[in-house]
Asks: 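Sharing a structure here in structure tokens format.
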Amino acid sequence: MKSCCERCKNKLCASKIYIFENLSNEELIEIIKMTGHEDYNKKETIFVEGENANKLYLINEGKIKLFKYTKDGKEQILHILSDGDFFGELNLFNKGEYNFNAQAISQTKLCTLTKEKMRNLILERPEIGLKILEVIGSRLSNLESLAQNLATNDVEVRIAYMLLELKDKYGKEIPEGIEIDIPITREDMSNYTGVARETISRKLKKFEEENIIELVGIKKIIIINQEKLEDYL
């Protein structure tokens, strides 16, 4: 790990992060001086549940998944995060262990801040702490929605919910509808929804036949009728 990388010095990567977005360049440079830097390859583990939680991770480039294992040993994906997101915030203010696993799902570059440095930053700039609380609240709300959707036996509801979540984070408007560059594999979709991989493929095809979505290979989906998709919820 390096104390600060040349890319951070030049591009002020901390400005990508929501909690730092209103800081001046001078303040960002001071934060960047505090950061460590870690690179991960696709499918490489960042940390596992039960490890000592002592860092805030800032995603400079790449995508990661946060997940837990179910009682039968299957992955349950909790969040998919990408550039500008952060994670590890729940343990910033107390001693504890990570209660989930983190893994890179693409080539990923992370900046890190220790608990002590983040505490000092929050004492100096309380608005950073308030923004962290906003994100925590949003993520808890998303987890409640995920739990509700996993509790239903309706597979199509689960898949519709997943597509709308991906749309909110990765969708962009095009003439045909909303195009999503899918950041996860069909296997990850299975782990996110608790639905067999083969069922995921079959139900996506059904949505396509109903003119709700258009499948473009395995990495792109175009939502062409969002209202009909929302009707499943």
Asks: In terms of hydrophobic clustering (I, L, V, M, F, W, Y; side-chain heavy atoms under 4.5 Å; direct or indirect links), are Ile174 and Val216 co-clustered?
Replies: yes

Asks: Check step by step if side-chain contact (heavy atoms from CB on, under 4.5 Å) holds for Ile31 and Leu113.
Replies: CA-CA 9 Å; Ile31 291 173; Leu113 284 164; 4.3 Å; yes

Asks: Name all pairs fulfilling the salt bridge (charged side-chain N to carboxylate O under 4.0 Å, His left out) condition that reach into residues 222-233, sequence neighbours left out, sorted by first residue then second.
Replies: none

Asks: Mind running side-chain contact (heavy atoms from CB on, under 4.5 Å) on Thr112 and His37 for me, showing each step along the way?
Replies: CA-CA 6 Å; Thr112 61; His37 186 71; over 6 Å; no

Asks: Between Lys203 and Glu209, is there a salt bridge with N-O shorter than 4.0 Å?
Replies: no

Asks: Go through the steps to decide whether Asn52 and Phe47 satisfy the test side-chain contact (heavy atoms from CB on, under 4.5 Å), and finish with yes or no.
Replies: CA-CA 9 Å; Asn52 182 41; Phe47 57 75; over 6 Å; no

Asks: Decide whether Ile184 and Tyr69 are clustered together by the hydrophobic rule: side chain heavy atoms of Ile, Leu, Val, Met, Phe, Trp, Tyr closer than 4.5 Å, transitively.
Replies: yes

Asks: Test side-chain contact (heavy atoms from CB on, under 4.5 Å) on Tyr192 and Met162; report intermediate values, then the result.
Replies: CA-CA 8 Å; Tyr192 190 83; Met162 175 192 66; 3.6 Å; yes

Asks: Can you tell me how far apart CG (Leu164) and CG (Leu229) are? Round to the nearest 0.5 Å.
Replies: 4.0 Å

Asks: Flag the pair Ile105 / Ile64 as yes when at least one side-chain heavy-atom distance between them is below 4.5 Å, and no otherwise.
Replies: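 Heavy-atom side-chain distance check fails, nothing below 4.5 Å.
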
Asks: Within a strict 4.5 Å, meaning less than it, do heavy atoms of the Leu204 and Ile213 side chains meet?
Replies: yes

Asks: So, for Leu56 and Phe86, which heavy atoms are closest and what is the spacing to 0.1 Å?
Replies: CD1-CD1, 3.7 Å

Asks: Under a 4.5 Å side-chain heavy-atom rule over Ile, Leu, Val, Met, Phe, Trp and Tyr, are Ile224 and Ile180 clustered together?
Replies: no

Asks: Kindly indicate whether the side chain of Phe207, heavy atoms from C-beta on, has any atom under 4.5 Å from the side chain of Leu215.
Replies: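 Sidechains of Leu215 and Phe207: no contact.
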
Asks: Please find the pair of heavy atoms, one from Tyr98 and one from Gly88, that lie closest to each other, and give the distance.
Replies: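 In terms of heavy atoms, the two residues are closest at CE2-CA, 4.3 Å.
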
Asks: How about Tyr232 and Tyr161: are their ring centres within less than 6.0 Å of each other?
Replies: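 No, they do not, as the ring centres are separated by 6.0 Å or more.
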
Asks: Would you give the length of the straight line joining atom CG of Leu81 to atom CZ of Arg139, rounded to the nearest 0.5 angstrom?
Replies: 5.0 Å

Asks: Salt-bridge test for Asp188 and Lys65: reply yes if a basic N is under 4.0 Å from a carboxylate O, no otherwise.
Replies: yes

Asks: Can you tell whether the side chains of Lys109 and Glu38 come within less than 4.0 Å, N to carboxylate O?
Replies: no

Asks: Which pair of heavy atoms, one from Ala104 and one from Thr108, lies closest together, and at what distance?
Replies: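 The answer is CB-OG1, 3.7 Å.
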
Asks: Enter the distance from Lys117:NZ to Lys33:NZ here, rounded to the nearest 0.5 Å.
Replies: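 Separation between the atoms: 12.5 Å.
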
Asks: Working to the nearest 0.5 Å, report the span between CZ of Phe100 and CZ of Phe87.
Replies: 7.5 Å

Asks: Could you tell me if the side chain of Ile46 sits less than 4.5 Å from the side chain of Leu110, heavy atoms only?
Replies: yes

Asks: Please determine whether a side-chain nitrogen of the Lys or Arg among Lys68 and Glu75 lies less than 4.0 Å from a carboxylate oxygen of the Asp or Glu.
Replies: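 No salt bridge links Lys68 with Glu75.
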
Asks: Do Glu49 and Asn99 have side-chain atoms, one donor and one acceptor, less than 3.5 Å apart?
Replies: no

Asks: Within this structure, what is the CD-OH distance for the pair Gln103 and Tyr40, rounded to the nearest 0.5 Å?
Replies: 12.0 Å

Asks: Whether Lys205 and Glu208 form a salt bridge (side-chain N of Lys/Arg under 4.0 Å from carboxylate O of Asp/Glu) is what I want to check.
Replies: yes

Asks: Can you check whether Leu66 reaches Asn101 side chain to side chain, under 4.5 Å on heavy atoms?
Replies: no

Asks: Using a cut-off of 6.0 Å, state whether more than 12 heavy atoms not belonging to Lys206 lie near its atom NZ.
Replies: yes

Asks: Do Ile182 and Leu166 come close enough that some side-chain heavy atom pair is under 4.5 Å?
Replies: yes

Asks: Do Arg158 side-chain atoms and Thr193 backbone N/O form a donor-acceptor pair below 3.5 Å?
Replies: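 Yes; judged by distance alone, with no hydrogens or angles, the pair exists.
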
Asks: Could you state whether Leu140 and Ile132 fall into the same hydrophobic cluster, counting links through intermediate Ile, Leu, Val, Met, Phe, Trp or Tyr residues with side-chain heavy atoms under 4.5 angstrom apart?
Replies: yes

Asks: Quick check for you: to the nearest 0.5 Å, what is the distance between Asp85 atom CG and Lys63 atom NZ?
Replies: 10.5 Å

Asks: Can you name the side chain to side chain contact (heavy atoms under 4.5 Å, CB included) partners of Leu143, sequence neighbours left out?
Replies: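 Result, side chain to side chain contact (heavy atoms under 4.5 Å, CB included) vs Leu143: Leu78, His79, Leu146.
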
Asks: Not counting sequence neighbours, which residues clear side chain to side chain contact (heavy atoms under 4.5 Å, CB included) with Ser201? List them please.
Replies: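 Partners of Ser201 under the side chain to side chain contact (heavy atoms under 4.5 Å, CB included) test: Arg186.
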
Asks: Answer yes or no: is there an ion pair linking Arg119 with Glu116, defined by an N-O contact shorter than 4.0 Å?
Replies: no

Asks: For the residue pair Glu89 and Ile136, establish whether any side-chain heavy-atom pair is separated by less than 4.5 Å.
Replies: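 Yes, at least one pair of side-chain atoms sits under 4.5 Å.
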
Asks: How close do Ile59 and Gly62 get, counting heavy atoms only, and between which atoms?
Replies: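 Nearest heavy atoms, Ile59 then Gly62: CG2-O, 3.6 Å.
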
Asks: Using only atom types and a distance under 3.5 Å, with no angle test, would you say the side chain of Lys115 pairs donor to acceptor with the backbone of Ala53?
Replies: yes

Asks: For Ala160 versus Leu233, what's the shortest heavy-atom pair and its separation?
Replies: CB-CD2, 4.1 Å

Asks: Between Asp181 (side chain) and Gly171 (backbone), is there a donor-acceptor pair under 3.5 Å?
Replies: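 Judged by distance alone, no pair lies under 3.5 Å.
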
Asks: Assess the residue pair Asn41 and Gln107 against the criterion (side-chain hydrogen bond (donor to acceptor under 3.5 Å, both in side chains)); give the C-alpha distance rounded to whole Å, side-chain angles, the decisive distance to 0.1 Å, and a yes or no.
Replies: CA-CA 5 Å; Asn41 296 319; Gln107 193 76 21; 3.0 Å; yes

Asks: For the pair Glu165 and Lys169, find out whether any cationic side-chain nitrogen is under 4.0 Å from an anionic carboxylate oxygen.
Replies: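 No.
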
Asks: In the structure I gave you, are the side-chain heavy atoms of Lys131 and Ile128 within less than 4.5 Å of one another anywhere?
Replies: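 When only atoms from C-beta onward are counted, Ile128 and Lys131 do not touch, as no gap falls below 4.5 Å.
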
Asks: I'd like to know if the side chain of Glu176 and the backbone of Ile222 have a donor-acceptor N/O pair within less than 3.5 Å.
Replies: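 Between the backbone of Ile222 and the side chain of Glu176 there is no qualifying donor-acceptor contact (under 3.5 Å).
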
